[in-house]
Colleague: 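I have a structure I would like to understand better, so I am pasting it below and will then ask my questions one at a time.
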Amino acid sequence: MIHIARAGLAALLLLPLSVPLLAQNPATTTQAITSVSGAKVLSRMSLDGSTVVYVGDKNLEACEALIPANQELYAVAADGSGQPQRLTDNGVEETSPSVSADGRLVAFARQFDKDVYGVYVIDTFSSEEIQISTQTSSSKISAHSPMISADGSTVVFVQRGDIHVAPADGSRAPTNLTDNPEVPDFAPTISADGMWVAFYSTGNYLGTNPGGDEEIFMISTLGTSLRQLTNNEVPDLNPWISGDGKTVAFERKLVGQQSGPNPVQHDVFVVSTTGGSFETNLTSTSDLNERFPSLDHTGSRVAVEVRKKDGAVYARMNTDGSGLVTFIKTLSAPVDAVNITLTEDGEMVAFSAQDEASDCRQVFFSGTPPNVAPLANGGGDQKVAVGATVTLDASNSSDPNADVLIYFWEILAKPEGSAAKLSSAEAASTTFVPDLPGEYLINLVVDDGRGGLDSDKVNVVAGEGDGDKGPGASQGGNSVEQALDANANQIIDDDEIV
């Protein structure tokens, strides 16, 4: 087994509150992406890192206890840009949101009556809602704990103590996967493709849990291939299946590991779903509780809450026990059922917490926002006189992530016999002098340094007269089209830059 040294995790909770973050990873930043106008809880982030959905009180301006009738769903850009979008607006409680990978579909539970909930899906673009569970308020059967698959196809939830699954578009009635009303099942999570579900249960489904303690199970959404992933005499709780369905992280409740009136410790473990039952304890500590794990797509990174009586630290680590990164220390012990979620690549997390700068629980985002390709702009086409100096300017190029851009200019085509050259190939602005009449095709490529590229072409027509700025027809010499045909293997096309 792989263990993180006790001193390392213990040190996390000794960080001064004025140092919120990340001595281990200076490239990562943590920021509140909601304003202090009432508590925000139960946040979940889309796998693409674009959107965070959370529960907030529509009427609270001060930090007070959430009023269930005012609990609504909100969506906010993970980078904190723009204003939160209220997704629901009614007089009943909304809770337990889960969001598809692209941020478009949100599964959630809505209160019908006291302690009676139904499961819904809402489209964040159209605000169209679909009820996924089939019960009604009069039936007094509650459906809760929904999770939507990353591809947005499938929703899993608990109803009458059994694990149910249904298409997210409501096209078919839910299927009961466990169908054992005598045994309660809890906390289902679903793989990205909607094919596998992990949950915990006291069931003796396979004859391997006669003691009836909480164990981790997985099952296909077809109701086949049921497997018991843990088998011991202590409770295993709150599993999270990786997007690829190959790894499950969970917390184990260990009794007698701590002193005091409640001598209980929680450690986070991971186990493979593809063979064997070897477990790795990632957080073996005697004085801390590590809870509520979540995984990235490949199961290579896990995010956890590290809890102590006076607060908690949110952290991420590799599932081989290395690469510990801490995000924030909270001022007070958080509520149960904390949601801390990772992007597909495990680079970013979102969670609800209360830090030193806030008197109220807010939604935090930590990491580098997903890279978006830059937009190249080499200026408009030009019509000039032969011998005139042509200035090409890429300063209007832009990058959504505000990355520093790298420029590369190239003359792709020019009249036959021309010796025209660019003054600089790697500057934001460059010049050249057309020495023959005809068309000159210049290509600009901008690079954000993080794999994002874009290109733009500028057509310069040189004539024997005075010339003027703006697009124009050829004044002689080889046409651009002929030059491109002759040099096709040397051309960088806009469509080829992604």
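One-based numbering along the sequence shown. Worth knowing before you read on, the calculation uses all heavy atoms, side chains too, and leaves out hydrogens, waters and symmetry mates.
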Colleague: For the residue pair Thr178 / Asp185, report whether a side-chain donor-acceptor contact shorter than 3.5 Å exists.
Modeller: yes
Colleague: What is the minimum heavy-atom distance between Ile132 and Ala168, and which atoms define it?
Modeller: CD1-O, 3.5 Å
Colleague: Is the closest side-chain heavy-atom distance between Val446 and Asp448 below 4.5 Å?
Modeller: no
Colleague: For Phe217 and Tyr205, run ring pair (Phe, Tyr, Trp, His ring centres under 6.0 Å): C-alpha distance rounded to whole Å, both residues' side-chain angles, the deciding distance at 0.1 Å, then the answer.
Modeller: CA-CA 9 Å; Phe217 293 82; Tyr205 290 115; 5.6 Å; yes
Colleague: Could you tell me whether a side-chain N or O of Thr319 sits under 3.5 Å from a main-chain N or O of Gly299, the two making a donor and an acceptor?
Modeller: yes
Colleague: Can you see which heavy atom on Glu72 is nearest to which on Asn90, and at what distance?
Modeller: OE2-O, 2.6 Å
Colleague: Got Glu290 and Leu282 here, is their nearest side-chain heavy-atom distance under 4.5 Å?
Modeller: no
Colleague: Specify the closest pair of heavy atoms between Glu347 and Thr343, including all atoms of both residues, with the distance to one decimal.
Modeller: N-OG1, 3.4 Å
Colleague: Using distance alone, with no hydrogens and no angle criterion, decide if Gln228 and Thr208 have a side-chain donor and acceptor under 3.5 Å apart.
Modeller: yes
Colleague: Would a distance-only check, ignoring hydrogens and angles, find a side-chain to backbone donor-acceptor pair under 3.5 Å from Ser46 to Thr51?
Modeller: yes
Colleague: When rounded to the nearest 0.5 angstrom, what is the spacing between CG in Asp151 and CG in Leu47?
Modeller: 10.0 Å
Colleague: Any chance you could measure Thr34, atom OG1, to Gln362, atom CD, to the nearest 0.5 Å?
Modeller: 3.5 Å
Colleague: Rounded to the nearest 0.5 Å, what separates atom OG in Ser201 from atom CG in Asn209?
Modeller: 7.5 Å
Colleague: Could you walk me through whether Val197 and Ile241 pass the side-chain contact (heavy atoms from CB on, under 4.5 Å) test, one step at a time?
Modeller: CA-CA 7 Å; Val197 176; Ile241 192 167; over 6 Å; no
Colleague: When you measure from the side chain of Glu279 to the backbone of Val271, do you find a donor-acceptor pair of N or O atoms at a distance under 3.5 Å?
Modeller: no
Colleague: Of the non-hydrogen atoms in Asp193 and Met195, which two are nearest, and what is the gap between them?
Modeller: OD1-N, 3.0 Å
Colleague: Has Thr95 got a side-chain atom pairing as donor or acceptor with Ala109's backbone, closer than 3.5 angstrom?
Modeller: no
Colleague: Report the C-alpha distance between Leu87 and Glu94 in whole Å, list the side-chain angles of each, state the deciding distance to 0.1 Å, and finish with yes or no for side-chain contact (heavy atoms from CB on, under 4.5 Å).
Modeller: CA-CA 10 Å; Leu87 302 179; Glu94 325 280 10; over 6 Å; no
Colleague: Could you tell me which non-hydrogen atom of Ser294 sits nearest to which non-hydrogen atom of Leu342, and how far apart they are?
Modeller: O-CD1, 3.4 Å
Colleague: Show your working on side-chain contact (heavy atoms from CB on, under 4.5 Å) between Phe108 and Thr88 and close with a plain yes or no.
Modeller: CA-CA 11 Å; Phe108 64 97; Thr88 61; 4.3 Å; yes
Colleague: Identify which one of Phe199, Phe157, Tyr200 satisfies the ring pair (Phe, Tyr, Trp, His ring centres under 6.0 Å) criterion when paired with Phe186.
Modeller: Tyr200
Colleague: Atom OG1 of Thr189 and atom CZ of Phe250: how far apart are they, to the nearest 0.5 Å?
Modeller: 12.5 Å
Colleague: I'd like to know if the side chain of Ser133 and the backbone of Gly118 have a donor-acceptor N/O pair within less than 3.5 Å.
Modeller: no
Colleague: Counting only N and O atoms by type, is there a donor-acceptor contact under 3.5 Å from the side chain of Glu251 to the main-chain atoms of Phe292?
Modeller: yes
Colleague: Using a distance-only test with no angle check, is there a side-chain donor-acceptor pair under 3.5 angstrom linking Glu93 and Tyr117?
Modeller: yes
Colleague: Taking the side chain as every heavy atom from C-beta outward, state whether Arg252 and Asn232 have any pair of such atoms under 4.5 Å apart.
Modeller: yes
Colleague: Are side-chain heavy atoms of Met45 and Val99 found at a separation under 4.5 Å?
Modeller: no
Colleague: Does a side chain donor of either Ser43 or Ser352 reach within less than 3.5 Å of an acceptor in the other side chain?
Modeller: yes
Colleague: Is there a donor-acceptor pair under 3.5 Å between the side chain of Ser191 and the backbone N or O of Trp196?
Modeller: yes
Colleague: Do you know the tightest heavy-atom contact between Arg172 and Pro167?
Modeller: N-CG, 3.5 Å
Colleague: Rounded to the nearest 0.5 Å, what's the gap from OG1 on Thr224 to CD1 on Ile219? Could you check?
Modeller: 7.0 Å
Colleague: Stepwise, does the side-chain contact (heavy atoms from CB on, under 4.5 Å) test hold for Asp162 with Arg160?
Modeller: CA-CA 6 Å; Asp162 289 333; Arg160 193 176 274 176; 5.5 Å; no
Colleague: With a 4.5 Å heavy-atom cut-off, do Leu105 and Asp123 have their side chains touching?
Modeller: yes
Colleague: Are the side chain of Asn204 and the backbone N or O of Gly207 linked by a donor-acceptor pair below 3.5 Å?
Modeller: yes
Colleague: Does any non-hydrogen side-chain atom of Thr341 lie less than 4.5 Å from one of Trp240?
Modeller: yes
Colleague: May I ask you to say whether Lys253 pairs ionically with Glu214, meaning some side-chain N is under 4.0 Å from a carboxylate O?
Modeller: no
Colleague: Checking Arg44 side chain against Ser96 main chain: does a donor-acceptor pair fall under 3.5 Å?
Modeller: no
Colleague: Do Ile141 and Gln159 come within less than 4.5 Å of each other through their side chains, counting heavy atoms only?
Modeller: yes
Colleague: Determine whether Pro374 and Asp403 make a side-chain contact, defined as any pair of heavy atoms from C-beta on separated by less than 4.5 Å.
Modeller: no
Colleague: Once you round to the nearest 0.5 Å, how far does CG of Leu375 lie from OG of Ser455?
Modeller: 10.0 Å
Colleague: Hey, is the main chain of Ser149 close enough, under 3.5 Å, to the side chain of Thr154 for a donor-acceptor pair?
Modeller: no
